[in-house]
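Since this is a predicted model, take the numbers as computed values, not measurements. Along the sequence shown, residues are numbered consecutively beginning with 1.
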Amino acid sequence: MRAVDLIQKKRDGGELSREEIAFLIQGYSKGEIPDYQISAWAMAVYFRGMNARETGDLTLEMAMSGDQVDLSPIAGIKVDKHSTGGVGDKTTVVLAPLVAAAGVPVAKMSGRGLGHTGGTLDKLESITGFSVEMDRERFFTQVGEIGAAVIGQSGNITPADKKLYALRDVTATVESIPLIASSVMSKKIAAGADAIVLDVKTGSGAFMKTLDDSIALAQAMVDIGTHLGRNTVAVISDMDQPLGFGIGNALEIKEGIETLNGHGPKDLQEVCLILGSQMLVLGGKAKDEQEARSILLSHINDGSALDKFKQMVSAQGGDATQIESPDTLPTARKFIEVKAATAGYVESIQAEEIGVAAMLLGAGRETKESVIDLAVGIQLAIKVGDAVAAGDTLAVLHVNDASESKVQEAEAKVLEAYRISAQPVPPQPLVFALVTKDGVTRY
């Protein structure tokens, strides 16, 4: 078997066998197939695509290239949740304790933020002492005893995917649905989940800007999960404006606490209830979404979800008193109001622009080596559909050490992100579709 023959086969629209895909991925992982040949193959996939079986085989090969986590010592059906990334997306902070309180174990491996999207690990580290590093024995013990743990990924999870993604990033082959889907799902498969709920974002702040592309990606990932024996569903949710009001690490933890208290932003609570309901159904704790939603609301209302978060924070070395007193979380020194120039109604908020503005203030990383400031970020004052008068505050910048030029640039980006219409704007949907192995249900 030769790599050049497989490149040609895919270039000409052929279907690669399981053995041929294994040959390419294993050879690349071992350094036996050079970057330039895998680059050519990735470009062939970009133009020719892969069918569900090929994409599933690629996913499994990448999952098998490194460590695989066996969660079987943890009782119950382990349901993982993965978001394709967005601005203000702090759903894991809410869902881990909420779903655990309802009896579904959450053994979650999360990532850090890069660019305009935030990372769950960075947000949790806003809590004094919170550690995202632990060995597997302690990880299993914590999930078994408390029901939830959120940690960083092992250094040797899906090394083939890490290597391939770095190559795709510099060869203009990132935007390939089979390659995106297999990259995401290989990490989920390696992390050992029994079932997977995917939150596929769509809109200006998402990787997929259009609903059709978002549904296509969701279908590809659900097909992979099904092919590999994991019950998988995908929710297509809105990212045409940030989720909630807070963008920035400590700001998002505060908003997550408010949501667990039952006083969070309506859009954040609703998305969490929708995703959490799917997790409870897949975890066997509810017969349908309606029953699951009722269970989740009961755990918010009786305080058990917030108590579960305190338990998780304490178990991971964090200061749980900050959950009771969120004002003790990191706070910026300066606050700068961004005011509307015209009156009208908020037509849209370009989420990516808000995310970049927060990054400029130090809330995100421009490069992997960037050091983030956990206290800074942006607090939105109004959302899509709200009326606004000239001079009203659109958002507040939370600032520490950013240079004057970066603060001015962030302020300009926030102003650019808000589109004001003279006419009233109808509310936009939070969720557009549900994708399961049986097909797509549009809302």
- prompt: If you look at every heavy atom in Leu360 and Ala410, which pair is closest and at what distance?
  reply: CD1-N, 4.0 Å
- prompt: Can you tell me how far CD1 of Ile189 sits from NZ of Lys187, rounded to the nearest 0.5 angstrom?
  reply: 12.0 Å
- prompt: Taking atom CE of Met50 and atom CD of Glu15, what is their separation to the nearest 0.5 Å?
  reply: 9.5 Å
message: Just so I know, are the side chains of Trp41 and Ile33 near enough to count as touching, which here means a heavy-atom distance under 4.5 Å?
response: no
field: Min side-chain heavy-atom separation Ser65-Glu61 under 4.5 Å
entry: no
message: Within the 4.5 Å heavy-atom criterion, are Val106 and Val79 side-chain neighbours or not?
response: no
query: Any chance the side chains of Glu416 and Gln350 put a donor and an acceptor closer than 3.5 Å?
result: no
field: Intermediate values then yes/no, side-chain contact (heavy atoms from CB on, under 4.5 Å), Lys308 and Ile146
entry: CA-CA 7 Å; Lys308 186 65 68 177; Ile146 294 173; 3.8 Å; yes
field: Gln379 (side chain) donor-acceptor with His398 (main chain) under 3.5 angstrom
entry: no
query: If you look at every heavy atom in Ala193 and Leu71, which pair is closest and at what distance?
result: N-CD1, 4.1 Å
- request: Without swapping roles, check the side chain of Lys108 against the backbone of Ala149 for a donor-acceptor pair under 3.5 Å.
  value: no
message: Quick check against the 3.5 Å criterion: does Lys123 have a side-chain atom that pairs as donor or acceptor with the backbone of Asp89?
response: yes
query: Can any side-chain N or O of Ser183 pair as donor or acceptor with the backbone N or O of Leu179 at less than 3.5 Å?
result: no
message: Using a 6.0 Å cut-off, check whether atom CD of Glu137 has over 12 heavy atoms from anything other than its own residue.
response: no
message: Can you confirm whether more than 12 heavy atoms, excluding those of Tyr443, are under 6.0 Å from its OH atom?
response: yes
Note, Asp240 side chain near Ser348 side chain (heavy atom, < 4.5 Å): no
- prompt: Below 4.5 Å, heavy atoms only, C-beta onward: do Ile21 and Arg53 meet side chain to side chain?
  reply: yes
- prompt: Should Arg136 and Val69 count as side-chain neighbours, where that means a heavy-atom distance under 4.5 Å?
  reply: yes
task: List the atom of Glu337, the atom of Val396, and the distance in Å for their closest heavy-atom pair.
output: CG-CG2, 4.2 Å
message: Looking at Lys78, is its backbone amide N or carbonyl O close enough to the side chain of Asp194 to form a donor-acceptor pair, meaning the two atoms are under 3.5 Å apart?
response: yes
task: Begin from the C-alpha positions of Tyr418 and Glu353 and carry the test side-chain contact (heavy atoms from CB on, under 4.5 Å) through to its verdict.
output: CA-CA 9 Å; Tyr418 273 86; Glu353 292 295 301; over 6 Å; no
- prompt: Ignoring hydrogens and geometry, is there a side-chain-to-backbone donor-acceptor pair from Lys162 to Ile157 under 3.5 Å?
  reply: yes
query: Is any side-chain heavy atom of Lys383 less than 4.5 Å from a side-chain heavy atom of Asp386?
result: yes
query: What heavy-atom pair brings Ala363 and Ile372 nearest, and what distance separates the two atoms?
result: O-CG2, 4.0 Å
- request: To the nearest 0.5 Å, tell me how far Leu273 CG sits from Lys266 NZ.
  value: 13.5 Å
task: Decide, yes or no, whether a salt bridge links Asp35 with Lys163 under the criterion of side-chain N to carboxylate O below 4.0 Å.
output: no
- request: Using a strict cut-off of less than 4.0 Å between a Lys/Arg side-chain nitrogen and an Asp/Glu carboxylate oxygen, indicate whether Arg138 and Asp135 qualify as a salt bridge.
  value: no
query: Counting only N and O atoms by type, is there a donor-acceptor contact under 3.5 Å from the side chain of Gln269 to the main-chain atoms of Pro265?
result: no
query: Any side-chain heavy atom of Met208 sitting closer than 4.5 Å to one from Ile180?
result: yes
- prompt: Is Lys90 reaching over with its side chain to a backbone N or O of Gly88, donor-acceptor style, under 3.5 angstrom?
  reply: yes
query: Distance from Leu380 atom CG to Leu243 atom CG, nearest 0.5 Å?
result: 10.5 Å
field: Candidate pair His227 and Asp57, rule side-chain contact (heavy atoms from CB on, under 4.5 Å), full reasoning
entry: CA-CA 9 Å; His227 177 73; Asp57 289 344; 3.4 Å; yes
message: Closer than 3.5 angstrom, by distance alone: can the side chain of Thr84 be matched with the main-chain N or O of Lys201 as a donor-acceptor pair?
response: yes
- prompt: If you measure from OG1 on Thr393 to CD1 on Ile336, what distance do you get to the nearest 0.5 Å?
  reply: 12.5 Å
query: At their closest point, which heavy atom of Ala218 faces which heavy atom of Val200, and how far apart are they?
result: CB-CG2, 4.0 Å
- line: Given the options Val94, Ile127, Leu98, Phe309 meets side chain to side chain contact (heavy atoms under 4.5 Å, CB included) only with Ile127
task: Kindly determine whether Arg48 and Glu54 satisfy salt bridge (charged side-chain N to carboxylate O under 4.0 Å, His left out), including the steps that lead there.
output: CA-CA 12 Å; Arg48 290 296 193 171; Glu54 286 179 291; over 6 Å; no
- request: Please report the shortest heavy-atom distance between Val376 and Gly362, naming the atom on each side.
  value: CG2-C, 3.6 Å
task: Using distance alone, with no hydrogens and no angle criterion, decide if Ser126 and Asn249 have a side-chain donor and acceptor under 3.5 Å apart.
output: no
task: Please test Arg365 against Asp122 for salt bridge (charged side-chain N to carboxylate O under 4.0 Å, His left out), starting from the C-alpha separation and ending with a verdict.
output: CA-CA 11 Å; Arg365 294 179 178 83; Asp122 302 313; 2.8 Å; yes
statement: Value for CE (Met185) from OG1 (Thr59), rounded to nearest 0.5 Å, stands at 7.0 Å
task: Starting from the C-alpha separation in whole Å, work towards a yes-or-no answer on side-chain contact (heavy atoms from CB on, under 4.5 Å) for Ile215 and Phe432.
output: CA-CA 9 Å; Ile215 288 175; Phe432 295 93; over 6 Å; no
query: Backbone N or O of Asp70 within a donor-acceptor pair of the Ser72 side chain at under 3.5 Å?
result: no
